[in-house]
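First up is the structure itself, then whatever we jot down about it.
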Amino acid sequence: MNIVIGNHIFDKMENFLNKNTKGNIFLITDENVGKYYSDKILHYLSNFKVNVYTLIPGEENKNLNVVKDIYSRLIDLNCDRNTVIISFGGGVVGDIAGFVASTYLRGVDYVQIPTTLLSQIDSSIGGKVGVDFKGYKNMIGSFYFPLATFIDIELLKSLNKRNITSGVGELLKYGLIYDYNFFEFLSSNIDNIYNFDNKVLKIAIEKAVYIKEKIVSEDKRDKGIRKILNFGHTIGHGIESFYNFQRFNHGEAIILGMIYESFIAKEIRLIDEKYFNEIFKVLNRLVNPEAFNQKEINEILNKMTYDKKNEKDKIVFILPVGKGKVEIFNDIEINLIKKTLSGDWIWK
Ligand SMILES: NC(=O)c1ccc[n+]([C@@H]2O[C@H](COP(=O)([O-])OP(=O)(O)OC[C@H]3O[C@@H](n4cnc5c(N)ncnc54)[C@H](O)[C@@H]3O)[C@@H](O)[C@H]2O)c1
Ligand SMILES: [Zn+2]
């Protein structure tokens, strides 16, 4: 895949577009990103005919109504197969823009410029595009790879702290599922990431992109090893959707999911107490786990039972089995999940 990572790389994007497009560009962004960077990007696109579609920010807009509105605009503008869609924003913009690109006229080219840490290290890699439907996340979508992805670290400087945390959660996940040294590197550099240390961010982003690319290349359509990317996501998604996606952003929920799922792994002796404590200490700095009551636990379990990852009613878990190593399980006892979510172990 064509991925460029660096600071101030819009000139590289401009060169790439000069070579690879016939000049018609449809830029999809959102209001926040537009506010900070629309002048900058339009400056670099001044040689092209550009139309801009600006989304209202937020997961609640990642739906088919917005997609339909974008199709209408593309048709009104007579955009043909030579149109190149540029996705300029976080994961929400990227998932929508990629889905539109994969379906409009049975597919037009698109280029990604992810603008959040989470989108730079996760959602822009791997070709998954789509929208939410009837309250279910990413229910409608496809696999569709961009022509190129430009990851400009400079863009992260306008992100707020919680959005950085969201990306840090997914970064730590790569360490825990694939590369313990990376987990250690990140653990000792968390403050540097929040302080936008360019060197640290570049190492972290490059490594994360490498790991995700490697896992995805072995399993493009998500039937096998790619499942390990879902560590923290079984319980994380349950909690995210229990709170109607309002209380925690994606990465924050995944941090919680990784804490609870690591606890499960410790309880069934897949990992020892020492490793669990190490994971807990790092993740607990970012988001604190909470204790849920019986009613809440049942609701979260209900959400987890409907997860797309499940097979034949069994809840699928990805659990740590050693440092930087995870495996897939589908036989975790419901009582253990309940005990985990009850949180009575948190303050012991
Ligand atoms: N396709 C995949 O493989 C994949 C993987 C993981 C997550 N996702 C999806 O990604 C989405 C979450 O992505 P996200 O965390 O980037 O959320 P997001 O796109 O909602 O962005 C978070 C917030 O940051 C703002 N923002 C974006 N860039 C900014 C910048 N540079 N400066 C200031 N503000 C900025 C946005 O306007 C938004 O308010 C979810 O919909 C999730 O399902 C997809
Ligand atoms: Zn995720």
Side-chain angles (χ1 to χ4, degrees), residues 28-38 40-41 54-63 66 87-99 101-102 112-133 136-146 149 151-174 177 196 208-209 212-213 215-216 220-222 226-237 239-241 245-246 248-258 307-309 318:
I28 303 179
T29 186
D30 78 15
E31 284 168 358
N32 293 331
V33 178
K35 188 172 75 194
Y36 288 107
Y37 304 109
S38 68
K40 181 171 176 186
I41 195 159
T54 307
L55 296 160
I56 300 165
E59 182 75 28
E60 59 279 14
N61 299 302
K62 203 173 107 176
N63 61 46
V66 169
S87 147
F88 186 44
V92 168
V93 171
D95 281 7
I96 296 175
F99 183 67
S102 80
Q112 301 188 118
I113 311 171
T115 62
T116 60
L117 184 56
L118 182 124
S119 58
Q120 296 195 342
I121 55 128
D122 188 359
S123 64
S124 67
I125 314 295
K128 282 190 184 176
V129 296
V131 294
D132 306 334
F133 189 66
Y136 294 107
K137 284 255 300 181
N138 306 323
M139 208 57 185
I140 310 294
S142 57
F143 290 90
Y144 196 64
F145 287 84
T149 301
I151 297 177
D152 194 331
I153 299 167
E154 209 57 33
L155 299 171
L156 303 179
K157 292 192 172 147
S158 48
L159 284 177
N160 65 31
K161 192 163 181 234
R162 286 190 63 194
N163 280 324
I164 297 284
T165 303
S166 186
V168 170
E170 297 279 3
L171 280 173
L172 289 164
K173 180 193 77 181
Y174 291 119
I177 64 172
F196 300 102
V209 167
K212 181 152 188 193
E213 278 256 288
I215 293 171
V216 168
K220 289 218 167 49
R221 298 193 72 87
D222 205 2
R226 193 166 176 164
K227 287 193 171 57
I228 70 169
L229 291 165
N230 287 323
F231 171 48
H233 284 59
T234 305
I235 292 183
H237 272 164
I239 293 175
E240 209 180 356
S241 102
F245 303 94
Q246 302 290 321
F248 298 109
N249 65 32
H250 180 69
E252 289 172 332
I254 274 27
I255 290 169
L256 289 176
M258 291 192 290
D307 199 301
K308 292 195 297 298
K309 293 187 290 300
I318 315 301

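Ligands are counted one by one from 1 in listed order, and the atoms in each one are counted from 1 as well. Each residue takes its place number in the sequence, starting with 1. The basis for the numbers below is simple: all heavy atoms, side chains too, and nothing from hydrogens, waters or symmetry mates.
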Closer than 4.0 Å to some heavy atom of [X] - which atoms of ligand 1 meet that?
{"X": "Tyr37", "value": "31 (N)"}
{"X": "Pro57", "value": "37 (O), 39 (O)"}
{"X": "Lys128", "value": "1 (N), 2 (C), 3 (O)"}
{"X": "Lys62", "value": "9 (C), 40 (C), 41 (O), 42 (C), 43 (O)"}
{"X": "Asn138", "value": "43 (O)"}
{"X": "Glu59", "value": "40 (C), 41 (O)"}

Taking non-hydrogen atoms only, is [X] closer than 4.0 angstrom to ligand 1 via side chain, backbone, both or neither?
{"X": "Ser123", "answer": "both"}
{"X": "Asp30", "answer": "side chain"}
{"X": "Lys137", "answer": "side chain"}
{"X": "Lys212", "answer": "side chain"}

Spatial distance of atom [atom1] ([X]) from atom [atom2] ([Y]) [nearest 0.5 Å]:
{"X": "Leu172", "Y": "Thr165", "atom1": "CG", "atom2": "OG1", "value": "10.5 Å"}
{"X": "Thr115", "Y": "Leu159", "atom1": "OG1", "atom2": "CG", "value": "7.0 Å"}
{"X": "Ile254", "Y": "Ile235", "atom1": "CD1", "atom2": "CD1", "value": "10.5 Å"}
{"X": "Ile41", "Y": "Thr29", "atom1": "CD1", "atom2": "OG1", "value": "7.5 Å"}

May I ask you to identify the nearest protein heavy atom to [atom], giving residue, atom name and distance to one decimal place in Å?
{"atom": "atom 32 (N) of ligand 1", "answer": "Ser158 OG, 2.7 Å"}
{"atom": "atom 22 (C) of ligand 1", "answer": "Asn163 OD1, 3.7 Å"}
{"atom": "atom 39 (O) of ligand 1", "answer": "Asn32 ND2, 3.1 Å"}
{"atom": "atom 12 (C) of ligand 1", "answer": "Leu118 CD2, 3.8 Å"}
{"atom": "atom 28 (N) of ligand 1", "answer": "Thr115 OG1, 2.7 Å"}
{"atom": "atom 35 (C) of ligand 1", "answer": "Leu159 CD2, 3.6 Å"}

Is it the case that the side chain of [X] and the backbone of [Y] share a donor-acceptor pair, with hydrogens and angles ignored and the cut-off at 3.5 Å?
{"X": "Asn249", "Y": "Glu252", "value": "yes"}
{"X": "Asp132", "Y": "Asn138", "value": "yes"}
{"X": "Ser166", "Y": "Asn163", "value": "no"}
{"X": "Tyr37", "Y": "Phe88", "value": "no"}
{"X": "Lys212", "Y": "Ile121", "value": "no"}

Any side-chain heavy-atom pair from Glu59 and His250 closer than 4.5 angstrom?
-> no
Kindly indicate whether the side chain of Tyr174, heavy atoms from C-beta on, has any atom under 4.5 Å from the side chain of Leu229.
-> yes
Does His233 come within less than 4.0 angstrom of ligand 1, counting non-hydrogen atoms of the residue?
-> no
Looking at non-hydrogen atoms alone, which of [options] comes nearest to [atom]?
{"atom": "atom 44 (C) of ligand 1", "options": "Val33, Asp152, Asp95", "answer": "Asp95"}
{"atom": "atom 16 (O) of ligand 1", "options": "Ile254, Thr116, Ile96, Thr29", "answer": "Thr116"}
{"atom": "atom 19 (O) of ligand 1", "options": "Asn61, Ile56, Val92", "answer": "Val92"}
{"atom": "atom 13 (O) of ligand 1", "options": "Gly91, Gly94, Gly58, Ser166", "answer": "Gly91"}

Can you name the closest pair of heavy atoms from Pro114 and Ser119 and give their distance?
->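 Smallest heavy-atom distance, with atoms named: CB-OG, 3.3 Å.
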Only one of Ile28, Leu55, Ile56 clears side-chain contact (heavy atoms from CB on, under 4.5 Å) with Val66; which?
-> Leu55
N, O or S atom within His233 nearest to the Zn ion (ligand 2), by name =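 Result: NE2.
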Could you say whether the N/O atoms of Asp122 and ligand 1 ever approach to under 3.5 Å?
->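 In fact, backbone or side chain, Asp122 has no N or O that close.
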Please state whether the separation between the Zn ion (ligand 2) and some N/O/S atom of Glu170 is under 2.8 Å?
->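 Of the N, O and S atoms in Glu170, at least one lies under 2.8 Å from the Zn ion (ligand 2), which means yes.
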Are side-chain N/O atoms of Ser124 and Thr149 paired as donor and acceptor at under 3.5 Å?
->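 The answer is no; no qualifying pair exists.
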